[in-house]
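Remarks on the structure that follows.
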There are 2 protein chains.
Amino acid sequence: MPNRPLTLPKQDCVDCPIRHKAVCAHCEPDELSVLEEIKFYKGFSAGQPIVWAGDQMEFVGSVVSGVASMTQTMEDGRRQMVGLLLPSDFLGRPNRETVAYDVQAATDVVLCCFRRNPFHQLITTTPHISQRLLEMTLDELDAAREWMLLLGRKTAREKIASFLTIIARRDASLKNMPSLGGPLTFDLPLTREAMADYMGLTIETVSRQMTALRKDSVIELDGKRHIIVPDFEALLAETGDDDDGGLPA
Amino acid sequence: MPNRPLTLPKQDCVDCPIRHKAVCAHCEPDELSVLEEIKFYKGFSAGQPIVWAGDQMEFVGSVVSGVASMTQTMEDGRRQMVGLLLPSDFLGRPNRETVAYDVQAATDVVLCCFRRNPFHQLITTTPHISQRLLEMTLDELDAAREWMLLLGRKTAREKIASFLTIIARRDASLKNMPSLGGPLTFDLPLTREAMADYMGLTIETVSRQMTALRKDSVIELDGKRHIIVPDFEALLAETGDDDDGGLPA
DNA sequence: GGTTTGGATTGACCTAGATCAACCCAAATT
DNA sequence: AATTTGGGTTGATCTAGGTCAATCCAAACC
């Protein structure tokens with residue numbers, strides 16, 4: 001696993017997951033600058049594994065740029081994605097040695113990491129950070145529950161539409177485009193296979209429903225990855241959610 | 001919602017969710033006895049709603065006895081359970097005013113509650129508690145991820161078998177029966193409908209798969225709710241999980 | 001410039017689980 | 001004792017999405 005040399009362009013500074021300046025390369029350390037001493041960056045290229053389920057994981061960290069997926073695989077090969085890590089999302093459990101799921105870079109990924117033990121130490125002495133982590137974990141739990149509704153009760157078309165709105169929302173918030181309503185454009189960070197694993201579908205069904213949405217003019221496709229949504233409200237109407245549904249984030 | 005008068009028998013003391021003696025009726029308060037002043041109990045009878053999505057929720061708390069479910073409902077009535085609250089599970093977000101899901105008592109339920117604002121106050125000043133809550137929330141997230149695999153990739157039979165092992169495990173840990181291997185007996189805390197909402201199935205499919213498991217001697221049914229598992233390993237083999245899978249708890 | 005290669009699409013067909021409908025059964029009601 | 005009532009079961013049929021197989025297509029590689 002050859003980690004690339006890493007230069008972090010300024011615009012890649014994201015809102016720090018623990019809401020602390022010291023986690024970003026270009027921010028000045030403040031009273032918790034001890035973090036600087038246990039911080040390092042890791043780069044992964046698209047497709048590369050980040051950790052395997054059962055591995056020791058000697059760091060925790062947050063996604064600075066790129067997208068990673070957490071998946072669970074059954075003995076016969078059936079796979080289900082159980083986490084999608086986008087910029088500002090946190091990876092790892094401070095006080096657990098091994099990791100429970102396979103984590104893989106979906107696109108090129110940059111992680112801002114902290115050595116696990118000192119970070120855990122820090123948590124126990126800094127209420128600020130454990131409260132922030134609790135907040136983030138609760139948000140993740142809410143997202144997981146939306147996801148469960150998608151997996152358990154939505155049709156294939158609704159699943160695709162919901163997935164697209166989730167990506168669109170996160171993409172927009174990354175670009176600081178607060179209000180979504182009109183036309184809108186973004187890139188899919190996942191292959192059709194990864195999308196299928198996200199939604200509990202096959203790649204064929206994903207493909208068919210994508211073309212169906214295209215034929216019904218809900219979306220336009222430019223290549224395989226670039227999506228144009230002429231009317232976000234129209235896409236929302238396909239999700240099966242009541243209007244304001246989904247994650248606020 | 002007529003809350004019953006509440007007398008809490010001693011054996012119903014469960015391991016406190018925040019690992020703090022003051023949450024149990026029969027335990028002595030300790031250095032954090034301030035909790036006693038904001039603590040109260042609530043009882044709900046089977047079927048009764050505890051909170052509706054969107055309601056103000058002025059308390060947080062943990063399940064002392066009984067089972068409650070969290071569900072999400074789509075406009076057309078499709079329902080998905082997204083949380084199953086068993087004894088020792090925690091309910092509510094300290095710093096969120098409204099609740100995001102319908103919570104309903106599946107059996108008679110006793111909650112040990114704390115007024116939300118003072119409890120939140122306490123968290124911000126007591127790292128002990130927020131760390132414990134973080135731990136619990138992370139466990140809940142792991143459970144949600146197992147659940148996502150069940151919803152997205154398992155067959156109806158595997159779903160039923162997995163659900164039964166989850167209930168069996170929790171029931172056994174409640175009775176302090178550490179090692180599961182041989183025969184085993186427990187009651188289902190849910191109706192067939194609630195089971196269907198748990199697994200993203202219809203009640204008919206749940207019913208059919210239960211009788212299929214019975215005909216294949218994986219389980220025995222005594223009435224509709226009482227389950228006898230002659231060989232727990234045989235049930236595990238039906239879940240699709242690799243041997244040690246599922247939640248450790 | 002031809003050829004791998006790997007993701008993506010499309011078509012034909014099949015099946016697990018949904019749907020619709022009848023019936024069961026035990027506990028509560030009168 | 002008859003009768004609701006509500007959860008549960010069982011059967012017949014239907015269909016959304018899976019499976020299998022062929023083809024497409026653009027980027028990477030000789």
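Proteins come first, then strands; the chains are lettered A, B, ... in the order of their sequence lines, and each starts at number 1.
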Practice item. With rounding to the nearest 0.5 Å, note down the distance linking CE in M81(B) to CE in M70(B). Key: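 Answer for the CE-CE pair, M81(B) versus M70(B), is 11.0 Å.
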**Study point:** From F40(B) atom CZ to L111(B) atom CG, the distance as rounded to the nearest 0.5 Å
**Key:**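 So the gap between those two atoms works out to 9.0 Å.
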Rounding to a whole Å, what distance do you find between [X]:[atom1] and [N]:[atom2]?
X: I203(A); N: dT19(D); atom1: CD1; atom2: P; answer: 11 Å
X: Q209(A); N: dT10(C); atom1: CD; atom2: P; answer: 12 Å
X: K159(B); N: dA16(C); atom1: NZ; atom2: C1'; answer: 11 Å

Check your understanding: Residues in salt bridge (Lys or Arg N to Asp or Glu O under 4.0 Å) with R192(A), at least two apart?
Key ->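 By the salt bridge (Lys or Arg N to Asp or Glu O under 4.0 Å) rule, R192(A) matches no residue at all.
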Review point. So which nucleotide from dA8(C), dG17(D), dG8(D) ends up closest to the side chain of S207(A)?
Key: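 Comparing dA8(C), dG17(D), dG8(D) against the side chain of S207(A), the answer is dA8(C).
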Practice item. Could you check which of dG18(D), dT10(C), dA8(C) has an atom nearest any side-chain atom of L201(A)? Key: dG18(D)
Review point. Is the shortest side-chain N to carboxylate O distance from D76(A) to R153(B) below 4.0 Å?
Key: no
Check your understanding: At under 4.0 Å between heavy atoms, what does G200(B) touch on the DNA or RNA strands: base, sugar-phosphate, or nothing?
Key -> sugar-phosphate
Check your understanding: Heavy-atom contacts under 4.0 Å between residues 186-195 of chain B and DNA chain D, which residues?
Key -> T191(B), R192(B), E193(B)
Review point. With no hydrogens and no angle check, do the side chains of T202(A) and T205(A) hold a donor and an acceptor under 3.5 Å apart?
Key: yes
Review point. For the side chain of R79(B) and the backbone of D197(B), is there at least one donor-acceptor N/O pair under 3.5 Å apart?
Key: no
Please produce a list of atom pairs where a protein N or O lies less than 3.5 Å from an N or O of nucleotides 20-27 of chain C.
from: dC20(C); atom 1: N4; to: E204(B); atom 2: OE2; distance (Å): 3.1

